[in-house]
Each structure stands twice: as structure tokens, then as C-alpha cells.
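Presented below is the structure to which this report refers.
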Amino acid sequence: MFWSVVLVLVLVFVAWDVLGDQNPLDVVPGPPRRPIFGCVLGHMMMSPRTLFLKLREYAEKYEDRYVLKLFRRRVVYIYNPSDIEVVLSHSKNIDKARPYKFLIPWLGTGLLISTGSKWFTRRKILTPTFHFNILKNFATVIEEKSRNLVSRLKQHQNEVDVFSVISDFTLDTICETAMGIQLDHDKSKATVEYKSAIHEIGRLIMERLTRFWLHNDFVYMMLPVGQQFNKALNKVLSFADNVISERKKQKITGENSIAIDEDNFGKKRRVALLDLLLEVESKGEINLEGIREEVNTFMFEGHDTTATALTFGLMLIADHNEVQEQIYEECQRIFGDSDRIASMADLAEMKYLEAVLKETLRLYPSVPYMGRETTEDFMMGDIFVKRGSGIGIHSYDLHRREDLFPEPEKFKPERFLNDESRHPYAYIPFSAGPRNCIGQRFAMQEMKCVLSEICRNFKLEPKQKGWRPQLVLNLVLRSIDPIYVKFVPR
Ligand code: HEM
């Protein structure tokens, strides 16, 4: 009797699932959608590396887009410029996809994750902190950090694990510019712990993604894996809390007041990010929780993205001697034999280096995946997308489309020199539309400054010519194995 009831219930549920769940997105191809689970079982418990490869396989198999059905929910994955334009330029569908919610215990609803009026107000407050005049004030700090890095590299005779030294540089830089805090190298244990806790959080989130029974926060936090997450989380949060309290202390004692810019009439005052947040707090427009969200968001987004881009960039430069020589020649043309530091005007002249960075971000976009949760129905070309559907934007696959970038696997910076005409949404390492990267200009300035400083001082050699890393998504795009480069002084 019991089993008959169970069987009837299962049949009713399957019938309800098959008949009562029609969705216009079902016309889009994709892996088999089974009753009840959809495509869930086919991806269950996949390792992050296998998942990464699987998604690449789908992008190759299904021409422009595919749909995964996850239980009753449809997620459409896109990697063609026309669909991406519709999605990224939409003024209302700006909510981030569900997987981003796993980041909330860490980043809160800071600028990356928030939506609606909270996102709009914060974006308006924070945009001026990346104004040209503020960036100009950061130039000295970035240059000093770049030179420290060069001195550090000079101490290495053998190949260097690039990410580890570069991420120290990018973390130091974001802390001293946007946060106004000099990291204390006597306490470098905290920095190492912060960086490795971020990797741990990324790994745990990726594993959680393919285990649907871990999606519920309450259940997750009851399990050992949730406690592991909490342990890593506490390290990351306390690092950011220290930055905030340190800056507060300095403000009371009047130390290190940096990056203040006034226009000719002394009316527009522009202040670096954390100082601005503290000012806004004193007016009661943000509370401490709000400051923590933004500090965590900007410390992570502001160092890990640039660190991975620079790591892949150094790997590619070391592996392409002709590219390296052209960067060196460009620096020679700009600086001659002078040892002077790079001004903003010098950086603007580094057109070839800029093309190298753009080509690096084409092949290795630090953020290879972006997700949206649709809150309004809309048309994507001839496809009707219902509100409540998920959208995955794969810039990694977009950037490797043969029809947009001939010989896509080849590293060819010239692509970005010749002003080839291309769809405005064919290349989106910094996203596009209203939720594009707020730190894009900061990132380009920092990356140009440090790469030019490195290439002026060293000849780069790969550990193994032609070696390419196995990639994985762990919050940002990462190589599974360390990337080694030898820095031979010029
Ligand atoms: C190579 C370096 C970088 C790359 C490739 C990059 C890429 C991106 C991308 C693709 C997004 C959109 C994410 C999404 O829609 O989910 C984004 C957003 C964001 N980025 Fe960056 N980023 C870089 C550096 C930076 C830096 C240096 C900062 C801060 C100083 C920063 C702060 C942010 C913030 C706060 C957002 C959220 C903006 C919003 O939604 O309004 N990023 N970035």
C-alpha cells in the first residue's frame, strides 16, 4: 500500500513537471532535460575543473546559446555579442544571479552584489573616488609599489611563483590607495592568511554550486563544510575590519591624509574611497555595516582581479620574446635612459603595452563568467525570456570565438592596435552597461605602471616554453598550478 502511494505521487509529480512546466526558453538547445531534476544530475558533484571544461564543451557544441534546466528553473548561457548587448545594456535587469548569494556573508550587499536603489545610491557615491584626479594622486603610490616589487624580484635568481608576489603587490596597492592604509609587513602573516582564505572561500563556493542540498544557508552552516567556510570567512572579515579601524585611528590623529583633490574654486573635494565612506558615515548616510561591505568588496575586486590578469600577462610576455622586445622598445622611446617614474601622460603613450594587456584579458578574462537574475520579461533576439530566469554570460567563450577573433588561441596584441572594427559587446573583460567595472581605469593604470617597470628592468623567461595552464573558476579565473617566470636583470 505504502509503495503504491509513493508511486502515484511520483507519477503525479512527473506529470506536473512535464505538462505543467512549459517555458519559451525550451526552444533553445542544451544538454538533456530530464523530468524533475532537469540537468542537475548530469553536473552533480562535479569538480570545479570538470565543470569549467564541461561549460567550454557546451559553448563549442551549441552555437550561440544553450539552456540548462535546474529543477524547474531555466538558465540561459550566452556567448554571442548580440544577446550580451541586450542583457548588459538592460536598465532594469541588473540583479545578480543566484550563485552570487553565496558571497553575501563576505561581501554583504556591497556594490558588486547589491541592486535597485541601494546599488544606484552607492554607485553614485563611489564613482567620484575613481575620478582622473584621484587616480593621478595614486600614481606615486603605485609607482613606489612597482619599484618595491622590482627590488624584490631582483633578489630571486630562479623562477618565481608569479601570483604570490604579484598578489602582494596588488593587495598593498589597493590598501594604500583606496583605503589609505600601509600594510604592515611585520604582520605579513595576516596578508598571507587573507589571500589563502579567499582561495578557500572560492573553492568552497564552487563545490557548493554543484551540490544542491548545500544551497540552503541553514543546512550549510550546520555542516562541517559550512564551519570550514566560516573559519575562512572570519579571517577575511577581520583583515578588512583591521583596515577600517586602522584608518579611523589615523583620521583621528590626522596621519596619512592622501588623495584629496580640489578644483580651482576649491568647491569639488574628492577623497579616496575609505575616507569618503567614513565621511558619509559621519553624516549618517551609511553605517559601519555598509562600510564593511564596500571595504570587503573593493579589497577583493581591487586586488584579486588585477593579480590574476598580471600573472597571466607576465606568463604570456615571457613566452613571446617579440612582444617583450616591443614593450621594451616602447618604454625606451618614452623614457630613453632616464630612470624617472611614469607619469599619467607616459602611461597614456603606452599603446603597445595597452594592447598586450587587452589581449591578455581577452584570453584570460579575470572574471570569465557573469550572472544575472531577470526581474522583468524581455526579448533576447527572437527568444522570449520570462522574469525569474537566470542568465549566464560567458566572456571566456565569447573572447575565443573564431568569427570574432581569428586564430583565437593565439596571443596577438596587434588585434587591439589596428582598431579592427568589431561588435561593441564582442570584448567585455570589464563587463559593459550600467553594471560595468567601476575600477577599470584604476586597474589599467596599475597594470601598465607595474608591467612597464618590470619590462624596463628585466628580460622575462618562461620555465617551459609554450606551457599553458589548466584553468579553473575560483571567484576569478585561476591557474590550477603555479605559474613560474624567470626575471633576468637587463
Ligand atoms: C583586471 C582587473 C579587473 C577586471 C578584469 C574586472 C572585471 C570586472 C567585471 C567583469 C565586473 C562585472 C561583474 C559582474 O557583473 O558580476 C566588475 C565589477 C566590479 N569591479 Fe572590477 N575588474 C577589475 C578590477 C577592479 C578593480 C581594480 C576594482 C576596484 C578598485 C574593481 C571593482 C569592481 C566593483 C566594485 C565592481 C561592481 C560594480 C557594480 O556592480 O556597480 N574591479 N569588474
Side-chain angles (χ1 to χ4, degrees), residues 84 87-90 93-101 103 107-116 118-127 129-131 134-135 138 142 166-167 169-179 259 272-274 276-277 293-313 354 356-373 390-396 398-399 425 427-451 473 475-477:
I84 292 177
V87 172
L88 289 183
S89 60
H90 202 284
N93 278 326
I94 58 164
D95 284 21
K96 294 299 172 81
R98 286 192 190 173
Y100 288 67
K101 89 177 168 61
L103 289 166
L107 307 180
T109 44
L111 201 62
L112 180 69
I113 300 178
S114 61
T115 189
K118 176 167 181 180
W119 168 77
F120 186 80
T121 315
R122 291 268 174 95
R123 179 96 189 191
K124 210 166 149 211
I125 294 177
L126 295 173
T127 295
T129 64
F130 292 95
H131 185 274
I134 293 273
L135 297 183
F138 290 163
I142 298 177
I166 286 287
S167 55
F169 159 79
T170 55
L171 187 57
D172 271 4
T173 305
I174 194 71
C175 284
E176 202 163 329
T177 51
M179 310 299 161
L273 188 121
L274 180 51
L276 178 83
L277 289 169
E293 295 177 333
E294 299 307 349
V295 167
N296 277 296
T297 298
F298 279 85
M299 292 237 305
F300 159 60
E301 279 281 325
H303 100 275
D304 219 1
T305 48
T306 43
T308 50
L310 285 166
T311 303
F312 290 123
E354 188 170 307
V356 169
L357 278 165
K358 286 182 174 169
E359 178 69 343
T360 301
L361 285 168
R362 179 186 72 80
L363 282 166
Y364 300 100
S366 314
V367 183
Y369 166 86
M370 290 172 271
R372 293 285 187 276
E373 185 71 22
I391 300 191
I393 302 159
H394 284 298
S395 28
Y396 184 91
L398 171 77
H399 290 175
Y425 286 75
Y427 177 71
I428 48 160
F430 292 101
S431 188
R435 295 217 69 159
N436 71 350
C437 176
I438 196 172
Q440 171 170 355
R441 282 191 303 166
F442 175 98
M444 287 307 280
Q445 176 186 355
E446 178 187 20
M447 293 193 294
K448 272 182 166 180
C449 183
V450 70
L451 281 188
L473 175 63
L475 302 176
V476 291
L477 186 70

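Atoms within a ligand are numbered from 1 in the order they appear, just like the ligands themselves. Start at 1 with the first residue, then count along the sequence. The figures that follow rest on heavy atoms only: side chains count, while hydrogens, waters and symmetry mates do not.
Closest to atom 6 (C) of ligand 1, if we only count protein heavy atoms, is Phe430 CD2, 3.6 Å. For atom 24 (C) of ligand 1, the closest non-hydrogen atom of the protein is Thr305 OG1, 3.2 Å. When only non-hydrogen protein atoms are considered, atom 38 (C) of ligand 1 lies nearest to Arg123 NH1, 3.5 Å. Closest protein heavy atom to atom 12 (C) of ligand 1: Ser431 CB, 3.7 Å.
Note: an N/O pair closer than 3.5 Å links Tyr100 and ligand 1 by distance alone. For ligand 1, the polar-atom distance check against Thr306 finds no nitrogen or oxygen pair separated by under 3.5 Å. Between Thr297 and ligand 1, no pair of N/O atoms sits closer than 3.5 Å. Residue-to-ligand polar distances place Arg435 within reach of ligand 1: an N/O pair is separated by less than 3.5 Å. For ligand 1, the polar-atom distance check against Trp119 finds a nitrogen or oxygen pair separated by under 3.5 Å.
At a 4.0 Å heavy-atom cut-off, ligand 1 touches Met447 through the side chain alone. Counting heavy atoms under 4.0 Å from ligand 1, residue Asn436 touches it through the backbone alone. When non-hydrogen atoms are compared, ligand 1 lies under 4.0 Å from the side chain of Lys96 (C-beta onward) but not from its backbone. Proximity of Glu301 to ligand 1, defined as any heavy-atom pair under 4.0 Å, is shared by backbone and side chain alike. Residue-level proximity to ligand 1 for Val367 is carried by the side chain, the only part with a heavy atom below 4.0 angstrom.
Contact of the Leu310 side chain with the Leu451 side chain is registered, since non-hydrogen atoms from C-beta on lie closer than 4.5 Å. Taking the side chain as every heavy atom from C-beta outward, Phe300 and Leu103 never approach each other to under 4.5 Å. For the pair Val450/Phe169, a side-chain contact is recorded, criterion being any heavy-atom separation below 4.5 Å from C-beta on. For the pair Leu361/Tyr427, a side-chain contact is recorded, criterion being any heavy-atom separation below 4.5 Å from C-beta on. Side-chain contact between Glu293 and Arg122: present, with at least one pair of heavy atoms (C-beta onward) separated by less than 4.5 Å.
How far CZ of Arg435 is from CG of Leu111: 6.5 Å, rounded to the nearest 0.5 Å. Going from atom CE of Met370 over to atom CG of Leu88 covers 5.5 Å, rounded to the nearest 0.5 Å. Atoms CG and OG1, on Leu126 and Thr297 in that order, are 9.5 Å from each other to the nearest 0.5 Å.
Counting only non-hydrogen atoms, the option in Gly302, Pro429, Pro434 that gets closest to atom 5 (C) of ligand 1 is Pro429. Relative to atom 8 (C) of ligand 1, the option among Ser114, Gly313, Cys437, Ala307 with the closest non-hydrogen atom is Cys437. Counting only non-hydrogen atoms, the option in Thr170, Ile438, Leu112 that gets closest to atom 34 (C) of ligand 1 is Ile438.
Taking the six-membered ring where tryptophan is involved, the planes of Phe130 and Phe298 are essentially parallel, since the angle between them stays under 30° and well short of 60°. Between Tyr369 and His394, the ring-plane angle classifies as tilted under the 30° and 60° cut-offs.
At distances below 3.5 Å, at least one donor-acceptor pair connects side-chain atoms of Ser366 with backbone N or O atoms of Thr305. Side-chain N or O atoms of Thr127 include none that pairs as donor or acceptor with a backbone N or O of Lys124 at under 3.5 Å. A donor-acceptor pair is defined here as one N or O able to donate and one able to accept, closer than 3.5 Å; such a pair exists between the side chain of His399 and the backbone of Ile428. Using a distance-only test at 3.5 Å, with no hydrogens or angles considered, a donor-acceptor pair links the side chain of Tyr100 to the main chain of Gly371.
Listed by number with element, the atoms of ligand 1 under 4.0 angstrom from any heavy atom of Phe442 are 27 (C). Near Ala443, meaning under 4.0 Å from any of its heavy atoms, are these atoms of ligand 1: 2 (C), 24 (C). Atoms of ligand 1 found under 4.0 Å from any heavy atom of Phe130, numbered from 1 in the order shown, are 30 (C). When each atom of ligand 1 is checked for a heavy atom of Ile174 under 4.0 Å away, the hits are 30 (C). The atoms of ligand 1 that sit less than 4.0 Å from any heavy atom of Ser366 are 1 (C), 5 (C).
Within the structure, ligand 1 has Arg372 among the residues with a heavy atom less than 4.0 angstrom away. His303 does not count as a contact of ligand 1, since none of its heavy atoms falls under 4.0 Å from the ligand. Look at Thr308 and you'll find every heavy atom at least 4.0 Å from all atoms of ligand 1. Not close to ligand 1: Leu273, with no non-hydrogen atom less than 4.0 angstrom away.
Of all heavy-atom pairs between His303 and Ile174, the closest is CB-CG2, 4.0 Å.
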